[in-house]
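Accompanying notes for the structure given below.
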Amino acid sequence: MSRIGNKIIVLPENVTVTVNGCNVEVKGPLGTLSKEFSNRVKVNVEDRNVVVTRINDEKASKQLHGTTRALLNGMVEGVSKGFKKDLVITGIGYRASKAGSKLVLNVGYSHQVEVLEEDGVKIEVKSPTEISVSGIDKQRVGQVAANIRAVREPEPYGGKGIAYTTERIRRKEGKKAGKK
């Protein structure tokens, strides 16, 4: 029995869900998302509620039950509220700027690193050390933020690099700490 899969998704006022076979389309004030799900689960829209049920009790159907419900909930939340990831740059001389649709990062390399903005995902530079990634698709927002972070991951000795604002960097002592 899937605890997540059995939860009912309550739709906000301005969100509509259309089911066409295995394809589900979610429309809201921020945009439209559509996804094709497996035929092992069934999506029903009743009043302002979305219910996900599995067609049988096979292992594969049970595995997809909770996953499908979680993906649908993410789609509903995305078109109504949107998703946002904030990053912070730490290090002397490390900074970010925006040039058109490109994010330009100066993070200690001999060259500037450019990250292209994808359609549906907005990259905003609040200050030279703060970056905000937002959009309606949870997976794409997270992936773009992870790609930006991967340019210069935070290192444990100096703490320099690009990190999420919610991330806690475990600091290590240097070589001097062990010598007496």
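Along the sequence shown, residues are numbered consecutively beginning with 1.
At a threshold of 4.5 Å between non-hydrogen side-chain atoms, the residues V50 and L11 count as touching.
Remark: E118 engages R140 in a salt bridge (charged side-chain N to carboxylate O under 4.0 Å, His left out) (not counting sequence neighbours). D57 is linked by a salt bridge (charged side-chain N to carboxylate O under 4.0 Å, His left out) to R54, counting only residues two or more places apart in sequence or in another chain. When the side-chain contact (heavy atoms from CB on, under 4.5 Å) test is applied to V10, the partners found at least two apart in sequence or on another chain are N49. Annotation: side-chain contact (heavy atoms from CB on, under 4.5 Å) contacts of E13 (sequence neighbours excluded): none. The side-chain contact (heavy atoms from CB on, under 4.5 Å) search around V104 returns S97, A99, Q112, E114, not counting sequence neighbours. Taking R40 as the reference, E58 meet the salt bridge (charged side-chain N to carboxylate O under 4.0 Å, His left out) condition, with sequence neighbours excluded. Considering only residues two or more places apart in sequence or on other chains, P128 meets the side-chain contact (heavy atoms from CB on, under 4.5 Å) condition with R95.
Without hydrogens or angle criteria, H65 side chain to V41 main chain gives no donor-acceptor distance under 3.5 Å. Panel note: side chain E117, backbone S101; no donor-acceptor pair is recorded below 3.5 Å.
Annotation for K98: atom NZ counts as buried by contact number, over 12 foreign heavy atoms lying within 6.0 Å.
Within the structure, no pair that satisfies the salt bridge (charged side-chain N to carboxylate O under 4.0 Å, His left out) test touches residues 41-52, not counting sequence neighbours. The side-chain hydrogen bond (donor to acceptor under 3.5 Å, both in side chains) analysis of residues 23-36, with sequence neighbours excluded, yields no pairs. Sorted by first and then second residue, the pairs that involve residues 103-127 and meet ring pair (Phe, Tyr, Trp, His ring centres under 6.0 Å), not counting sequence neighbours, are Y109-H111.
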Donor-acceptor list for residues 86-94 side chains, cut-off 3.5 Å, not counting sequence neighbours:
unit_1 : atom_1 : unit_2 : atom_2 : d
D86    : OD1    : S132   : OG     : 3.1

Name every donor-acceptor pair, under 3.5 Å, that has one atom in a side chain of residues 147-171 and the other anywhere in the protein, sequence neighbours excluded.
unit_1 : atom_1 : unit_2 : atom_2 : d
N147   : OD1    : Q143   : NE2    : 3.1
N147   : ND2    : Q143   : O      : 3.4
R149   : NE     : E167   : OE1    : 3.2
R149   : NH2    : E167   : OE2    : 2.6
R152   : NE     : V107   : O      : 2.9
R152   : NH2    : V107   : O      : 3.0
E155   : OE1    : Y157   : N      : 3.1
E155   : OE1    : G158   : N      : 3.1
E155   : OE2    : G158   : N      : 3.0
E167   : OE1    : Y164   : N      : 3.1
R171   : NE     : P156   : O      : 3.3
R171   : NH2    : Y157   : O      : 2.8
R171   : NH2    : G158   : O      : 3.3

